[in-house]
Amino acid sequence: MPELPEVETIARGLAPHLVGRRVAAVEVRERRLRERVEAGFAAALTGRCITALARAGKTLVASLDDGRSWLVHLGMTGRLTLHDGPTAPRPHDHVQVVFDDGRRLVYNDVRRFGRLLIVAPEALAAAVGCGLEPLGPEARPDVLAGRARRRRLSIKAFLMDQRLVLGIGNIYASEILFHAGVRPRRQAGSLTRGEWGRIVAGIRAVLEDAIACGGSSISDYRDGFERFGSYQLRHRVYDRAGDPCLACGARIRSAVIAGRSSYYCPACQR
DNA sequence: CGCACCCCCTGCCGGC
DNA sequence: TGCCGGCAGGGGGTGC
């Protein structure tokens with residue numbers, strides 16, 4: 001579910017409410033997430049003050065006043081919701097963090113593919129991943145082309161590989177490649193300078209537009225206050241197989257690439 | 001090296 | 001109406 005725009009939306013929305021708050025209590029109702037929530041998780045978080053809340057790739061990073069970080073990866077169906085006061089537990093509410101102002105942050109995850117962990121400063125980079133931030137200053141055509149040199153993997157798999165680029169998942173990879181006019185199956189190492197320029201422009205345009213829309217709410221995604229995003233209304237190709245291309249009218253095609261459903265316009269993308 | 005295929009887990013949707 | 005297979009935004013492992 002949540003790719004960079006969704007996680008960014010959650011971080012921006014929750015930060016003003018959580019930064020400066022101290023954790024009064026932590027309740028773990030279900031430890032069996034993608035990895036087991038560690039026995040020391042609640043103790044490590046309890047009593048800590050949150051000094052910053054940001055996004056790194058698809059991971060939410062809450063900085064703590066002891067120098068460590070609380071990481072939340074939402075997997076496919078994870079949700080973080082801030083409630084003003086006590087609430088009756090809902091199905092799949094796995095962890096609840098109570099703050100000193102009485103508000104509660106609830107982690108809900110139907111499929112339990114998410115992760116919650118506390119990491120020391122030296123372990124933060126490895127936990128988040130070594131790909132480059134697609135909206136950061138290092139996301140330039142020459143840098144991406146360098147990482148793709150002599151690589152034969154598809155450009156779509158390249159964009160989605162978190163060791164290469166952070167934050168881009170299955171929805172935005174298709175949308176970015178449509179914006180760039182590049183077919184998803186093209187080998188990453190074969191792209192021209194001009195194509196890399198269009199891909200970098202597509203990354204910025206699509207991700208920034210999606211952030212401005214509060215992300216894409218396909219089925220599960222909501223922000224930290226259970227609000228819907230609206231970028232799903234602006235998808236040009238994702239989940240539109242058989243529908244007319246909004247630019248040229250050709251029928252959008254779907255194909256499985258590196259195991260994931262992919263969507264593209266056979267006329268606009270080459 | 002790249003990818004097909006398996007797993008993790010639950011829910012929903014379409015076809016029969 | 002009900003059951004069943006397929007598929008879903010994530011990632012990780014194996015083996016060809």
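Just so it is clear: chains get the letters A, B, ... in the order the sequence lines come, proteins before strands, and each one is counted from 1. The shown structure was predicted, so the numbers you read here are calculated from the model rather than taken from an experiment.
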How many whole angstroms separate atom [atom1] of [X] from atom [atom2] of [N]?
X	N	atom1	atom2	value
A:Leu166	C:dG11	CG	P	10 Å
A:Leu71	C:dG10	CG	C1'	16 Å
A:Arg186	B:dG2	CZ	P	16 Å
A:Asn170	C:dG11	CG	P	11 Å
A:Arg260	C:dG10	CZ	P	5 Å
A:Asp109	C:dG10	CG	P	13 Å
A:Gln187	B:dC1	CD	C1'	11 Å
A:Asp239	C:dA8	CG	P	9 Å

Least distance between heavy atoms, [X] atom then [Y] atom:
X	Y	result
A:His73	A:Tyr107	O-OH, 3.8 Å
A:Ala139	A:Arg204	O-NH2, 4.1 Å
A:Glu133	A:Leu4	OE1-CD1, 4.1 Å
A:Gly67	A:Pro121	O-CG, 3.2 Å
A:Pro5	A:Leu207	CG-CD2, 3.8 Å
A:Gly215	A:Gln232	O-OE1, 3.9 Å

| Below 4.0 Å: OP1/OP2 of C:dA8 and any side-chain N or O of A:Ser261 |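 It does, given that an N or O in the side chain of A:Ser261 lies less than 4.0 Å from OP1 or OP2 of C:dA8.
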Pairwise [atom1] distance, [M] and [N] [rounded to whole Å]:
N	M	atom1	result
C:dG6	B:dC5	C1'	16 Å
C:dC7	B:dA4	P	14 Å
C:dG5	B:dC6	P	15 Å

| Residue list, side-chain hydrogen bond (donor to acceptor under 3.5 Å, both in side chains) with A:Arg112, at least two apart or on another chain |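 Expected list: none.
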Which atoms of nucleotides 10-12 of chain B (N or O only) lie under 3.5 Å from a protein N or O atom, and what are those distances?
| unit_1 | atom_1 | unit_2 | atom_2 | d |
| --- | --- | --- | --- | --- |
| B:dT10 | OP1 | A:Arg112 | NH2 | 2.8 |
| B:dG11 | OP1 | A:His92 | NE2 | 3.0 |

| Are A:Asp223 and A:Thr9 close enough that a side-chain donor and a side-chain acceptor fall under 3.5 Å? |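 A:Asp223 vs A:Thr9: no donor-acceptor pair found between side chains.
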| query | Is it true that the side chains of A:Ser216 and A:Tyr172 contain a donor and an acceptor less than 3.5 Å apart? | reply |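 Yes, because at least one side-chain N or O of A:Ser216 sits under 3.5 Å from a partner of the opposite role on A:Tyr172.
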Per-pair distances, 0.1 Å, donor-acceptor, side chain in residues 143-151 of chain A, under 3.5 Å, sequence neighbours excluded:
| unit_1 | atom_1 | unit_2 | atom_2 | d |
| --- | --- | --- | --- | --- |
| A:Arg147 | NH1 | A:Arg163 | O | 3.4 |
| A:Arg147 | NH1 | A:Leu164 | O | 3.0 |

| Face-to-face stacking of A:Phe113 with B:dC9, centres under 5.5 angstrom, angle under 30° |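 It does not: the two rings, one from A:Phe113 and one from B:dC9, miss the stacking criterion.
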| query | Looking across every strand, which nucleic acid part, if any, lies under 4.0 Å from A:Tyr238 by heavy atom: base, sugar-phosphate, or nothing? | reply |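 The answer is sugar-phosphate, as A:Tyr238 gets under 4.0 Å only of primed atoms, P, OP1 or OP2.
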Dump the pairs, protein N or O against N or O of nucleotides 3-5 of chain B, anything under 3.5 Å, distances to one decimal.
| unit_1 | atom_1 | unit_2 | atom_2 | d |
| --- | --- | --- | --- | --- |
| B:dC3 | OP1 | A:Ser154 | N | 3.3 |

| message | Are more than 12 heavy atoms, taken from residues, nucleotides or ligands other than A:Glu38, located less than 6.0 Å from that residue's CD atom? | response |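 For A:Glu38, atom CD is not crowded (no more than 12 foreign heavy atoms under 6.0 Å).
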| Among A:Ile118, A:Leu124, A:Leu60, which residue meets the side chain to side chain contact (heavy atoms under 4.5 Å, CB included) test with A:Leu71? |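 It is A:Leu124; the other options fail the test.
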Hey, what are the protein-to-nucleotides 12-16 of chain C N/O distances that come in under 3.5 Å?
| unit_1 | atom_1 | unit_2 | atom_2 | d |
| --- | --- | --- | --- | --- |
| C:dG12 | O4' | A:Arg34 | NH2 | 2.7 |

| request: Kindly work out whether a path of hydrophobic side-chain contacts (I/L/V/M/F/W/Y, heavy atoms less than 4.5 Å apart) joins A:Leu191 to A:Met160. | output: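 Different clusters.
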| query | Are A:Ile171 and A:Ile211 in one and the same hydrophobic cluster, where Ile, Leu, Val, Met, Phe, Trp and Tyr link if side-chain heavy atoms are under 4.5 Å apart? | reply |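 Linked within one cluster.
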| request: Give each stem of DNA chain B as a range with a range, requiring at least 3 consecutive Watson-Crick or G-U wobble pairs whose two distances are under 3.5 Å. | output: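 Expected stems, ordered by start: B:2-8 with C:10-16, B:10-16 with C:2-8.
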